[in-house]
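Step one of this worksheet: look at the structure below.
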Amino acid sequence: MSQGPIWRPTAAMTIGEAMERLVRGGLPLRFTAYDGSSAGPPDSRIGMHLATERGLAYLATAPGDLGLARAYVSGDLQLSGVHPGDPYDALVLLKDHTKFRVPTPSEALRLVRSLGIAHLRPPPPPPQEHLPRWRRAVEGLRHSMTRDAEVVAHHYDVSNRFYEMVLGPSMAYTCALYESPAATLEQAQAAKFDLVCRKLALRPGQRLLDVGCGWGTMVRHAAREYGVRALGVTLSLEQAQWAKEAIDREGLGDLAEVRHLDYRDVVETGFDAVSSIGLTEHIGVRNYPSYFAHLRERLKPGGRLLNHSITRRHNTRQETGAFIDRYVFPDGELIGSGTIIAAAQDQDLEVQHSENLRLHYASTLRDWNRNLVEHWDECVAEVGEGTARVWGLYIAGSRVGFERDEVELHQVLATRNHDDGRSEFPMRPDW
């Protein structure tokens, strides 16, 4: 009668054996390690190689996406069969087929003995990693003006040239609108900004405030195509400088302006419309009441507000994952569209329309990955391979999230009504 392998607690375990034991159902790709061991199907198109002891230490001391990100960003964990600018296929494979389990106490002891106690000492994280939440809390109140300026700079002041290569000529770092599957990224971004302008019913001579304006694309589109006087504000100095140069190049200086300014410092009022495209993710859910109150005060009666933001599929508070928080959006917070709508209503705004563009964001991310692959060598030369790897991983992972309805994208349109209840909104949407 045959028996299975005999368990010997003192026997050394290879890294490959450890991976086989800790993944339910086995690995879906070929895994190899610096100790010569391997696991998973040998004929897999996609492979993963753990190249160094430091990589093992990252995985052992920060289980989950943070340890994987540290090892991958540092180059200690390598993928084959996919481009680092677009590891989408590898992420789908791992997400669909990889289920880690918690080792038993005896297995954990054997792992520690086999892999060495030194690997329980966490190495310094890669330079691309931001401070943990507790350190940020020590150094500044979450979503204070000072701390918001710091985390925005961490994310957006990477390199304008890098963003030009990844985002394309539109310089729009927000969800595009694909009116047909064959639309290019530039066509889709132009369609998105035009949709916002039509939802806001912009007309020549009106005044628009665009908060969190990025590189000023909405400001320039509204001024150029609709003849409005548009003011944009951004916390990123590099974005503001780029936007000012673009405004001058297009000869829009008499209509468009971008300031390096926190939206909370905008004192002008009487705007016909306010657009907020991709800002809500940064301000913190507890700040929604003051955010919508401030934007309402900027509007004149009858004016419209368009809030465009990434949302969750539910309205339960949930912390952002460690990789996104430490490498991409420090202090970022997401919540469901219901919470956003309720917050706007509580500040005496009438919500007229809500639209989910989730699948459009998946297509936008696909095209950003394509741009990163196409300009990979230039991007690496501009920001370094570690940062380029962060962006490839982040964009591809986000695409998976939008495709699987883990995150969504909502445009919420509201009006500041007159005291007698008139909204100046038509009986039915007219865009």
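A salt bridge is defined here as a Lys NZ or Arg NE, NH1 or NH2 lying under 4.0 Å from an Asp or Glu carboxylate O, and Glu374 with Arg370 fails to meet this definition. The pair Glu406-Arg312 does not meet the salt-bridge criterion, since no charged nitrogen lies less than 4.0 angstrom from a carboxylate oxygen. In summary, Arg286 and Glu333 do not engage in a salt bridge, as defined by a charged side-chain N under 4.0 Å from a carboxylate O. The pair Arg207-Glu268 fails the salt-bridge criterion, with no side-chain N (NZ, NE, NH1 or NH2) lying under 4.0 Å from an Asp/Glu carboxylate O. Under the 4.0 Å criterion applied to side-chain N and carboxylate O atoms, Arg259 and Asp265 are not assigned as salt-bridge partners. A salt bridge is absent between Asp194 and Lys199; no separation between the charged side-chain nitrogens and carboxylate oxygens falls under 4.0 Å.
The aromatic rings of Tyr173 and Tyr394 lie perpendicular to each other, with more than 60° between the two planes, well past the 30° mark. In this structure, Phe292 and Tyr288 have perpendicular ring planes: the angle between them is above 60°, well past the 30° mark.
A heavy-atom distance below 4.5 Å is found between the side chains of Phe162 and Leu372. For the pair Val219 and Leu231, the minimum side-chain heavy-atom distance is 4.5 Å or more. Between Lys192 and Thr364 there is no side-chain heavy-atom pair separated by less than 4.5 Å. Side-chain contact between Tyr163 and Leu167 is present, with at least one heavy-atom pair separated by less than 4.5 Å. In this structure, Thr234 and Tyr263 have side chains that are not in contact, with every pair of non-hydrogen atoms separated by 4.5 Å or more. Within the 4.5 Å cutoff, no side-chain heavy atoms of Gln347 are placed close to those of Ser290. The closest side-chain heavy-atom distance from Val351 to Leu413 is not below 4.5 Å. With a 4.5 Å cut-off on side-chain heavy atoms, Tyr291 and Ser276 count as touching.
Formation of a donor-acceptor pair under 3.5 Å by the Arg358 side chain with backbone atoms of Phe402 is found in this model. A side-chain donor-acceptor contact under 3.5 Å links Arg30 to the backbone of Gly40. In this structure, the side chain of Arg304 does not engage the main chain of Val274 through any donor-acceptor pair within 3.5 Å. With Asn371 contributing its side chain and Val166 its backbone, the two residues share a donor-acceptor pair below 3.5 Å. With hydrogens and angles disregarded, no donor-acceptor distance shorter than 3.5 Å links the side chain of Thr311 to the backbone of Gly336. Using a distance-only test at 3.5 Å, with no hydrogens or angles considered, no donor-acceptor pair links the side chain of Asp65 to the main chain of Gly321. Side chain of Thr320 to backbone of Gly332: a donor-acceptor contact under 3.5 angstrom is found. Judged purely by atom type and a 3.5 angstrom limit, Gln189 uses its side chain to pair as donor or acceptor with the backbone of Thr174. Under a 3.5 Å cut-off, the side chain of Ser44 and the backbone N or O of Pro41 do not form any donor-acceptor pair. With hydrogens and angles ignored, the 3.5 Å screen pairs no side-chain donor or acceptor of Gln206 with any backbone N or O of Val228.
The two residues Asp405 and Arg313 make their nearest non-hydrogen contact at O-CD, 3.0 Å. Here the shortest heavy-atom pairing between Leu79 and Pro87 reads CD1-CB, 4.1 Å. Closest of all the heavy-atom pairs between Ala182 and Gln187 is O-OE1, 4.4 Å. Taking each heavy atom of Gly232 and Cys213 in turn, the nearest pair found is C-SG, 3.6 Å. The shortest heavy-atom contact between Leu334 and Ile310 is CD2-O, 3.6 Å. Taking all atoms of both residues into account, the shortest heavy-atom contact from Gly85 to Val373 is C-CG2, 3.7 Å.
One side chain, Tyr88 or Glu403, offers a donor N or O that lies under 3.5 Å from an acceptor on the other. When only modelled atom types and interatomic distance are considered, Glu281 and Ser309 share no side-chain donor-acceptor pair under 3.5 Å. Side chain to side chain, Ser354 and His410 fail the donor-acceptor criterion of an N or O pair below 3.5 Å. Between Thr14 and Asp35, the side chains place no donor N or O within less than 3.5 Å of an acceptor N or O (distance only, hydrogens not considered). Side chains of Asp367 and Tyr178: a donor on one and an acceptor on the other come within 3.5 Å. Side chains of Gln78 and His49: no donor on one and acceptor on the other come within 3.5 Å. Ser337 and Asn356 share no donor-acceptor pair across their side chains, judged by distance under 3.5 Å alone. Between the side chains of His294 and Glu297, no donor-acceptor pair of N or O atoms lies under 3.5 Å. Counting only N and O atoms by type, the side chains of Glu129 and Tyr327 include a donor and acceptor under 3.5 Å apart.
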Step by step, would you call Val266 with Arg298 a side chain to side chain contact (heavy atoms under 4.5 Å, CB included)? CA-CA 8 Å; Val266 176; Arg298 310 281 73 76; 3.9 Å; yes
When you look at Glu53 and Asp76, which way does the side chain to side chain contact (heavy atoms under 4.5 Å, CB included) test go after all the steps? CA-CA 8 Å; Glu53 289 192 1; Asp76 298 313; over 6 Å; no
Steps toward side chain to side chain contact (heavy atoms under 4.5 Å, CB included) verdict (Phe193, Ile277): CA-CA 10 Å; Phe193 288 114; Ile277 306 175; 4.1 Å; yes
Check step by step if side chain to side chain contact (heavy atoms under 4.5 Å, CB included) holds for Thr32 and Ser37. CA-CA 6 Å; Thr32 57; Ser37 63; over 6 Å; no
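Considering Met218, Gln411, His353 in turn, Gln411 is the only one that fulfils the side chain to side chain contact (heavy atoms under 4.5 Å, CB included) rule with Leu306.
Annotation: the span from Glu355 atom CD to Leu177 atom CG amounts to 7.5 Å, rounded to 0.5 Å. Between atom CD1 of residue Ile341 and atom CG of residue Asp346 there is a gap of 12.0 Å, rounded to the nearest 0.5 Å. To the nearest 0.5 Å, the span separating CG on Leu66 from CD1 on Ile324 amounts to 11.5 Å. Annotation: the span from Arg264 atom CZ to Leu295 atom CG amounts to 11.5 Å, rounded to 0.5 Å. Atom-to-atom distance recorded for Leu200:CG and Leu305:CG is 8.0 Å, nearest 0.5 angstrom. The distance from the CG atom of Asp272 to the CZ atom of Arg229 is 8.5 Å, given to the nearest 0.5 Å.
Under the salt bridge (Lys or Arg N to Asp or Glu O under 4.0 Å) criterion, no residue pair touches residues 168-185, with sequence neighbours excluded.
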Table please: side-chain donor-acceptor pairs of residues 242-250 below 3.5 Å, with sequence neighbours left out.
from, atom 1, to, atom 2, distance (Å)
Trp242, NE1, Glu164, OE2, 2.7
Glu250, OE1, Arg224, NH1, 2.7
Glu250, OE2, Arg220, NH1, 2.6

